[in-house]
Visitor: 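Just dropping this structure here.
Numbered from 1 within each chain, the chains take letters A, B, ... in sequence-line order. On a predicted model such as this, the values are computed, not experimentally measured, just so you know. Excluded from the calculations below are hydrogen atoms, water molecules and symmetry mates; all remaining heavy atoms, backbone and side chain alike, are included.
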There are 2 protein chains.
Amino acid sequence: MPQHTTTEIFDMPRRKSETAAAPRGRPRAYDAKAALKQATETFWRTGYSGTPLDKIAAATGMSPPSLYAAFGNKHELYLEALASYWEMTLAATREALAGDRPLAEALMLAYEAALSFYFSRKGSARGCFVIGTAVAEAVEDAEIRKSVAAGLRMLDGDFEARFRTARERGELKQDADPEALALLASATMHTIAIRARAGARRADLREIAHKAVTVICGSPSASH
Amino acid sequence: MPQHTTTEIFDMPRRKSETAAAPRGRPRAYDAKAALKQATETFWRTGYSGTPLDKIAAATGMSPPSLYAAFGNKHELYLEALASYWEMTLAATREALAGDRPLAEALMLAYEAALSFYFSRKGSARGCFVIGTAVAEAVEDAEIRKSVAAGLRMLDGDFEARFRTARERGELKQDADPEALALLASATMHTIAIRARAGARRADLREIAHKAVTVICGSPSASH
DNA sequence: AATTAATTGTAACGATCGTTACGAAATAGA
DNA sequence: TCTATTTCGTAACGATCGTTACAATTAATT
């Protein structure tokens with residue numbers, strides 16, 4: 001293949017890095033993905049109603065007009081942050097529950113994954129983004145409520161599927177109720193999310209998860 | 001006793017109705033107790049940050065200056081509402097768990113009591129006041145966080161005490177862990193509180209509670 | 001009747017809310 | 001180099017936020 005021109009070589013990576021070929025006007029000074037992450041971080045602490053757009057602008061380094069160009073308005077921005085959070089946590093939960101791990105170990109892994117979200121790098125507790133910010137708005141805001149309800153339903157479903165296969169594998173008694181156990185597993189996740197927001201220490205929450213898993217999986221099964 | 005004068009008769013109820021004898025100036029046009037209840041109702045729907053004082057003034061029928069004279073400021077008013085709510089719900093839970101009822105029946109009664117708070121007269125779901133409004137503020141507001149943590153601790157304690165006496169009464173196996181079961185009982189309360197705020201139907205939440213109680217109390221014990 | 005004390009409603013305070021004109025800046029194509 | 005196009009930062013918009021003077025009102029006390 002002798003027809004290798006330099007233009008061909010440089011066009012290939014250009015087209016790969018971004019979908020369109022050329023943006024035409026002044027280039028964006030922000031990374032939308034990183035900005036959404038920082039906006040999420042800000043909402044996480046002070047909630048939706050409690051977070052002015054100024055603080056989000058400061059956290060992202062974006063000007064208000066840029067925020068509106070990128071995300072629409074405050075409400076749409078929050079909705080996007082909420083959807084992104086659900087995606088992230090549900091993926092982490094599914095990964096924890098997947099594989100050939102023993103049931104109790106898989107459950108503990110799911111709770112540990114949640115705790116790693118609830119406690120930020122600095123060690124300060126912020127709890128669950130959904131429970132800490134979305135639940136407050138859910139009553140009056142139909143879109144937020146819909147997102148919360150859908151996320152809770154998927155979490156229930158993931159737990160229930162895991163308990164169902166656990167029963168098939170003989171990890172649970174044959175008369176165990178996968179739906180009921182999934183409800184308790186979700187409830188454990190929820191109580192941890194709440195307590196983290198209320199200032200509980202990470203080690204205490206881990207122990208709460210452990211106690212819950214012990215009861216859910218049948219009395220003495222957590223350590224092996 | 002012949003010394004029954006009319007002044008004596010009319011002074012007695014007067015002193016009983018209010019602690020002091022005479023307020024001196026213009027009398028209050030509001031009932032502080034009723035106003036706190038209506039303020040709570042308003043916070044309940046739209047949260048602390050999401051509720052302007054105007055709405056509270058409208059709900060209570062009080063003018064802003066009267067609100068400040070009665071409660072201090074918005075933050076103190078909310079704190080008082082939060083304390084009052086804890087008092088109310090903890091009393092209801094204790095009453096449900098007290099008495100000689102079977103364990104499963106007592107637990108279901110506690111959850112039913114909670115549901116009667118979570119669903120207003122009109123049938124619209126507003127969920128738990130604490131989970132719906134206080135948890136959002138708890139991260140940044142130390143006073144609210146303290147109130148939430150203390151309330152959760154008391155709820156845990158009430159459940160644990162009930163499980164402890166249940167074990168003594170032979171309602172549970174001797175090797176049952178009252179603390180672990182109490183954690184799951186609290187978690188069930190929390191998951192119901194969250195789901196109610198997310199729009200779940202009351203009947204579904206009742207069934208969730210029933211499934212949880214069945215697992216917690218040992219498989220087949222809910223109906224007798 | 002006059003005085004004192006307490007609360008009332010109105011109206012406004014400065015600060016901040018979400019949102020948006022507007023002109024300068026920066027890049028691709030001509 | 002010039003034009004077209006897109007995003008930038010600044011600065012401001014009206015609305016609303018929590019809070020408070022202020023004068024009128026209502027009652028007990030003198």
Visitor: Would you call B/Lys37 and B/Glu41 a salt bridge, taking side-chain N to carboxylate O under 4.0 Å as the test?
Guide: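 The answer is no: the pair does not qualify as a salt bridge.
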Visitor: Using heavy atoms to find the nearest nucleotide of DNA chain C for B/Arg28 and B/Pro65 separately, return the residue whose nucleotide is more 5′.
Guide: B/Arg28
Visitor: So, is A/Ser66 near the phosphate of D/dT7, with a side-chain N or O under 4.0 Å from OP1 or OP2?
Guide: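 Checking D/dT7 against A/Ser66, no side-chain N or O comes under 4.0 Å of OP1 or OP2.
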Visitor: Compute the centroid of each ring, for A/Tyr78 and then for A/Phe129, and state whether the two points are separated by less than 6.0 Å.
Guide: yes
Visitor: From the set C/dG18, D/dT19, D/dT10, return the single nucleotide nearest to any side-chain atom of B/Pro64.
Guide: D/dT19
Visitor: Rounded off to whole Å, could you give me the CG-to-C1' distance for the B/Leu53 and D/dG18 pair?
Guide: 7 Å
Visitor: Could one point to a donor on the side chain of A/Arg24 or the base of D/dA4 with an acceptor on the other under 3.5 Å away?
Guide: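 Side chain to base: pair present.
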Visitor: Under 6.0 Å from the CD atom of B/Glu76, do we count more than 12 heavy atoms belonging to anything else shown?
Guide: yes
Visitor: Within the 4.0 Å heavy-atom criterion, would you say A/Ser49 contacts the bases, only the backbone, or no part of the nucleic acid?
Guide: nothing
Visitor: So, is A/Arg26 near the phosphate of D/dC8, with a side-chain N or O under 4.0 Å from OP1 or OP2?
Guide: no
Visitor: Can you confirm whether A/Arg201 is buried at CZ, in the sense that more than 12 heavy atoms of other residues, nucleotides or ligands lie under 6.0 Å from that atom?
Guide: no
Visitor: May I have the distance from B/Phe71 (atom CZ) to C/dT7 (atom P), rounded to whole angstrom?
Guide: 13 Å
Visitor: Counting only side-chain heavy atoms from C-beta out, which of D/dG18, C/dT19, D/dC17 sits nearest to A/Asn73?
Guide: C/dT19
Visitor: What class does the angle between the rings of A/Tyr48 and A/His75 fall in, given that below 30° is parallel, 30 to 60° is tilted and above 60° is perpendicular?
Guide: perpendicular
Visitor: Specify the separation, in whole Å, of atom CG of B/Leu67 and atom P of C/dG9.
Guide: 11 Å
Visitor: Identify, between A/Ala29 and B/Thr51, the residue whose nearest nucleotide on DNA chain D lies closer to the 5' end.
Guide: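 It is A/Ala29 whose nearest nucleotide is closer to the 5' end.
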Visitor: What is the distance from OH of B/Tyr48 to P of D/dC17, rounded to the nearest Å?
Guide: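 Spelled out: OH on B/Tyr48 to P on D/dC17 is 13 Å.
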Visitor: Mind calculating the distance between NZ (A/Lys55) and P (C/dC17) to the nearest angstrom?
Guide: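 So the two atoms are 6 Å apart, to the nearest Å.
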Visitor: What nucleotide among C/dG9, C/dT19, C/dT7 has an atom nearest to a side-chain atom of A/Lys74?
Guide: C/dT19
Visitor: Nearest whole Å is fine: how far is D/dA15 P from B/Asp54 CG?
Guide: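 So the CG-P distance, B/Asp54 to D/dA15, works out to 15 Å.
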Visitor: When the distance from NE2 of B/His75 to C1' of D/dT19 is rounded to whole Å, what number comes out?
Guide: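 Rounded to the whole Å, the gap is 16 Å.
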Visitor: In whole angstrom, what separates B/Ile56's CD1 from D/dC17's P?
Guide: 11 Å
